[in-house]
Amino acid sequence: MEYNFRDIEKKWQEYWRENQTYRVEVDNTKPKYYVLDMFPYPSGAGLHVGHPLGYIASDIFSRFKRLNGFNVLHPMGYDAYGLPAEQYAIQTGQHPAITTEQNIGRYREQLDKIGFSYDWNREIRTCEPDFYKWTQWAFIKMFSYYYNTKENKALPIESLVDSFSKNGSNGITAACSKEFEFTAAEWNGMSEKEQQQTLMNYRIAYLGDTMVNWCPKLGTVLANDEVTDGVSVRGGYPVEQKLMRQWCLRVSSYADRLLKSLDNLEWSDSIKETQKNWIGRSEGAEMQFKIADSDIEFTIFTTRADTIFGVTFMVLAPESAYVKQVVTAEQQAEVDAYLDSIKHKTERDRQTDKRVTGVFTGSYAINPLTNEKIPVWISDYVLAGYGTGAIMAVPAHDSRDYAFAKHFNLPIIPLIEGCDVSEESFDAKEGKMINSAGNGLDLNGMDVKQAINATKEFIKEKGLGRVKVNFRLRDAIFSRQRYWGEPFPVYYKEGIPYMLDESKLPLLLPEVDSFLPTESGEPPLGHAKNWETEDHFPLELCTMPGFAGSSAYYIRYQDPHNNDALVDQSVNDYWRNVDLYIGGTEHATGHLIYSRFWNKFLFDLGIVCEDEPYKKLVNQGMIQGRSNFVYRIKDTNTFVSYNIRNEYDVTPIHVDVNIVSNDHLDIEAFKAWRPEFHNAEFILEDGKYICGWAVEKMSKSMFNVVNPDVIVEKFGADTLRFYEMFLGPLEQSKPWDTNGIDGVHRFLRKLWGLFYKNGQFLPVDAEPTKEELKSLHKLIKKVTWDIENFSFNTSVAAFMICVNELTQIKCNKKSIFKELVVLLAPFAPHIAEELWHSLSETGSVCDAQWPALNEDHLKEDSVNYAISFNGKTRFNLEIASGTSKEDVEKIALEHENSAKWLEGKTPKKVIVVPNKIVNIVI
RNA sequence: GCCCGGAUGGUGGAAUGGUAGACACACAGGACUUAAAAUCCUGCGAUCAUUGCGAUUGUGCGGGUUCAAGUCCCGCUCCGGGUACCA
């Protein structure tokens, strides 16, 4: 009986399906373990061989945990809303729901072939009403809550209203967009509209005027992480800045908590670091500066309060609200011209253009510590969105201020002893202060850190400013002018937004006859008929962004069919949060921040019992493509083989890797590949055409895409699973090279050969030998350690070694094989099931127990010591195991070979490393 | 610019500070076969030696710590990823 993987895999996949082998339910008698993959967006291209890498790793881990007695939740679903399906709809008119459905079908087919242990009863799709009902529900909650900065949690907006009606804005501690001051009487005197507008300032989901990344080509707003280098991630279209009224989520109110609880997570340092930088906490001070000869005062933020004596000018962001106030009549024209030039620059230009630009406002501010008049400038190197949009410039100690000062010939005052600012600024926070005394503050002689604190104390005391912590993290813009997304559960009454009643959810996505914006420039939902409430109030026309549906999906998997709640509380008490989350690093600043925010919000509401969604995160590396090239001699249709290409003037051309095997070109297939190669001629070496190769991104245009179905068809799913792990460390990027797969496939056939030979079933019931047990327990030890440490690639090697050993010693003991098969089951479940069945004839290997390690079996009779002289190994020595260090030393020194290396000298020192090495220092 | 990774044979990659190159691929030689495929065996960092044993050198570069460094420390070079006027 041959290893017929096709039949075996088909048989067991059917068996698992029919027996619902991987179905899980809450089971309080067993410990839970939740393993989650980042769910895919089902693109039209289907899966390539790189996509399942993480899924295979998580599947191995899930199966391992299951065999260790855990009740494992391992679900899968689809992030089904998104731009590509909508773009496709615009081009072809096909409804995105249809495209999405088709793509999901294709994904499922591909996934099924690989033998994953998902509980498909729990499948979710973000575009299904049953699912997005809860996305809309969460949005309503966010609208109905504000963030209390004192209690550090979200609280119902009613408690804020209550406080306003009793005490006005006095004493409230709420995260907000803008500080307002009003009395109770003023509040109670406000109209409904005014009150709603005021409350909007505090809601966690709020409508706000914000500068957004507007992509005219896509007709929508994009989040910062959906834009790179000034173009959209999807499609690569230019993006510009525009002020728009948009739904936003007050993610910034959670900045501190998002930062602090990072410490409790088992995430890689690099991704934690990325999130830390993204959140960007900086401690500093806000200070007020007066404009000379006027009542105008403005606030700046600085982390270097100590440099106040070196402030030689001030700078406002072009968009700053202060600009209007401070520009003098004489300067108005020049300022307008400057602002105009900025407006015509795209965000991209502003980012790439490092030239110094700016304009003088005509006004002067007073430095409160020197009483000097310093000019106020406008420049686009100051950002409106960070701090207060205004800075005090200290050219001596800030490189940007320095460049500005040099360009406009502004004075530079060094404040640190011995620093040289003739060529560049001195930005380091170290050294002794000089030139820093006046108006009651004397920093001279202090080091920088002391000076910062002293200045903060001083400005606090004198009422010049206050200590302030700033975050880089901005609120998330939550509106998209698109069709294929969750509709907002929002209607407008006299221009004021109100939430639908929860009982009206889900608010279904309406049908439209065009997926383009309306003629009046409204989003596609503007085409929908009867898009209004029963009382004929218009509904919101925007939809939610891609990250809406993926922010709380992990919770829904726990209780996917619950119609009354996002998740039942007792169910959530059991499954809690994700123990292991596997996915790519590209979500570090998007999904993984939003999801943490969303979860913390639900935690504040008592909906979920854990403050963090994903306990342990593993980031799988990218699988790159390995492209092949042929070399065409210029202006001919003749192709020259790789090693002799330099004798000609050639152009390398990508060739489909599927017609190249082991870098040998299949010439006939090449001729048939494309019409223009039909009459191609070849200059061969040794009768073969050898292709060149390079590692590149796996993509259609490089012709290096390898499809998992093709591999499964040719070698089987178990081989694919093993080989993906064998390629290299999970977290590392590595190229896919189909060539190496033979080795893994051969191993599985060899394993099969332990059980079947010439139609004979070999295993027998008999006591295993010591040698057999040793080989097995070496494997148990290695594989257990490897899986727990995500070092799957080295386990594959361990399996190969073990099978080789067992083959060599002609092992045929059922007891050994049974345990071997269980160890194998997480990696290669199909062949493991088949072999398990041949050994026991009952049940599934999934119900087996992970074998326990018996260290006794690993004990050696003797140990091979490497005997070194001055660190150099000279010979090896077998010494009985258990020999004491002293005796090992004695035996080593007395050995006949030692005399030769000692050359009659007495050793100075002897180091014995147990079971390993004896080093003799002469 | 800043932050984080990485650099080991022809290739992918192994190595709790302890015999570097596990395990595979590729390649070369051999066995079986009419032949091919499949399978099995042998060799495979470099240099020198070779009748066998071997010797020297070797983990991007330069230093250091140590009896012992791919691994730890200091200083570079190159490559990959992230991020960027964040005051």
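Owing to the predicted nature of the structure, the values given are computational and were not obtained by experimental measurement. So that the names make sense, note that chain A is the first sequence line, chain B the second, and so on, each numbered from 1.
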Nucleotide of [options] approaching [X] most closely (side-chain heavy atoms):
{"X": "A/Arg746", "options": "B/rC25, B/rA14, B/rA84", "result": "B/rC25"}
{"X": "A/Thr274", "options": "B/rG82, B/rU39, B/rA87", "result": "B/rG82"}
{"X": "A/Glu273", "options": "B/rA87, B/rC4, B/rA22", "result": "B/rC4"}
{"X": "A/Ile801", "options": "B/rA22, B/rU56, B/rG13", "result": "B/rA22"}

> Rounded to the nearest Å, what distance is computed from the CD1 atom of residue A/Ile867 to the P atom of nucleotide B/rC67?
Replying inline: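 These atoms are roughly 19 Å apart.
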With a 4.0 Å cutoff (strictly under), does any side-chain N or O of [X] reach OP1 or OP2 of [N]?
{"X": "A/Tyr381", "N": "B/rA87", "answer": "no"}
{"X": "A/Asn739", "N": "B/rA24", "answer": "no"}
{"X": "A/Gln732", "N": "B/rG13", "answer": "yes"}

> Within a strict 4.5 Å, meaning less than it, do heavy atoms of the A/Asp718 and A/Tyr3 side chains meet?
Replying inline: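 SC-SC contact between A/Asp718 and A/Tyr3 confirmed.
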Identify the pairs formed between an N or O of the protein and an N or O of nucleotides 15-18 of chain B at a distance under 3.5 Å, and give each distance.
{"from": "B/rU16", "atom 1": "O4", "to": "A/Lys916", "atom 2": "NZ", "distance (Å)": "3.0"}

> If you measure from the P atom in B/rU8 to the same atom in B/rC61, how many Å do you get, rounded?
Replying inline: 11 Å
> When A/Tyr723 is tested against each of A/Phe747, A/Trp736, A/Phe792 for ring-ring contact (aromatic ring centres under 6.0 Å, His included), which residue passes?
Replying inline: A/Trp736
> Would A/Ser399 and A/Asp427 count as having a side-chain donor-acceptor pair, cut-off 3.5 Å?
Replying inline: yes
> In what stems does RNA chain B take part, counting only runs of at least 3 consecutive Watson-Crick or G-U pairs whose two distances fall under 3.5 Å?
Replying inline: B:1-7 with B:77-83, B:10-12 with B:23-25, B:27-31 with B:39-43, B:45-48 with B:54-57, B:60-64 with B:72-76
> How would you label the glycosidic angle of B/rG29: syn (within 90° of 0) or anti?
Replying inline: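 Anti conformation here, the glycosidic angle of B/rG29 being more than 90° from 0.
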>> Does A/Asn864 contact B/rU19 through a side-chain donor or acceptor facing the base, at a distance under 3.5 Å?
In response: yes
